Amino acid sequence: MARAAALVLFAEGLGVAAPNRLLGVLVDRQHMSPAGLDPHTAPVSSKGAGIVFGLCSALCGTVAPPAALRDRAPSGAGRVLPIGAAVVHAPPGAVAWGPVGVSASLLWWRCSP
């Protein structure tokens, strides 16, 4: 189970980093300057956020297997990192819940094994 969790977290890291990089490239090619900012600020920020959040998910993936092998909860930074990732994931999840609605979530729950 820990191996599956680690693989999902690594895939999530790539799934977060890739769209942010793509957005950074698109904004860079358009030379956008929102609110008078330097045109290179938006692409660099997007790419940087993708790298940071992707690495955070990948680091969470490295915490899961050793904790499962020891059959103990992680301590120190290994505990803070997954909590931080959960806090970062909560607002987008809450925002996504609104447009999708409760019925889609209940349908997923009913269809899952």
Side-chain angles (χ1 to χ4, degrees):
M1 194 63 149
R3 184 179 297 164
L7 289 175
V8 166
L9 286 166
F10 285 127
E12 179 184 358
L14 287 174
V16 168
N20 276 309
R21 183 176 181 338
L22 176 66
L23 288 173
V25 168
L26 292 174
V27 170
D28 192 29
R29 288 183 182 171
Q30 293 179 2
H31 301 289
M32 298 172 80
S33 179
L37 290 174
D38 182 36
H40 296 291
T41 302
V44 169
S45 300
S46 178
K47 292 174 187 175
I51 289 169
V52 168
F53 290 127
L55 286 176
C56 181
S57 293
L59 285 173
C60 286
T62 61
V63 169
L69 288 174
R70 289 190 311 242
D71 198 25
R72 290 186 177 184
S75 62
R79 180 175 288 192
V80 173
L81 191 64
I83 291 171
V87 169
V88 169
H89 280 79
V95 169
W97 181 284
V100 173
V102 178
S103 60
S105 299
L106 293 176
L107 178 64
W108 173 84
W109 176 75
R110 185 172 181 187
C111 294
S112 64

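Quantities reported herein were computed from a predicted structural model and do not represent experimental measurements.
- Annotation for V63 and G78: closest pair CG1-O, 3.5 Å, computed over non-hydrogen atoms.
- The distance from the OG atom of S46 to the CG atom of L23 is 5.0 Å, given to the nearest 0.5 Å.
- To the nearest 0.5 Å, atom CG of residue L14 and atom CG of residue L9 are 11.5 Å apart.
- Residue I51 holds its CD1 atom at 14.0 Å from SG of C56, rounded to the nearest 0.5 Å.
- Smallest separation of non-hydrogen atoms from A49 and N20: C-ND2, 4.3 Å.
- Listed here is the closest heavy atom pair of A77 and P82: O-CD, 4.4 Å.
- Nearest heavy atoms, H40 versus D28: ND1-OD1, 3.7 Å.
- Within the model, atoms CG of L22 and CG of L26 stand 4.5 Å from one another, a figure rounded to the nearest 0.5 Å.
- Taking both residues in full, the closest heavy atoms of P65 and A6 are given as CG-CB, 3.8 Å, listed atom of the first, atom of the second, then distance.
- At least one donor-acceptor pair under 3.5 Å links the side chain of R79 to the backbone N or O of P74.
- T62 places a side-chain N or O within donor-acceptor distance of the main-chain N or O of L59, the cut-off being under 3.5 Å.
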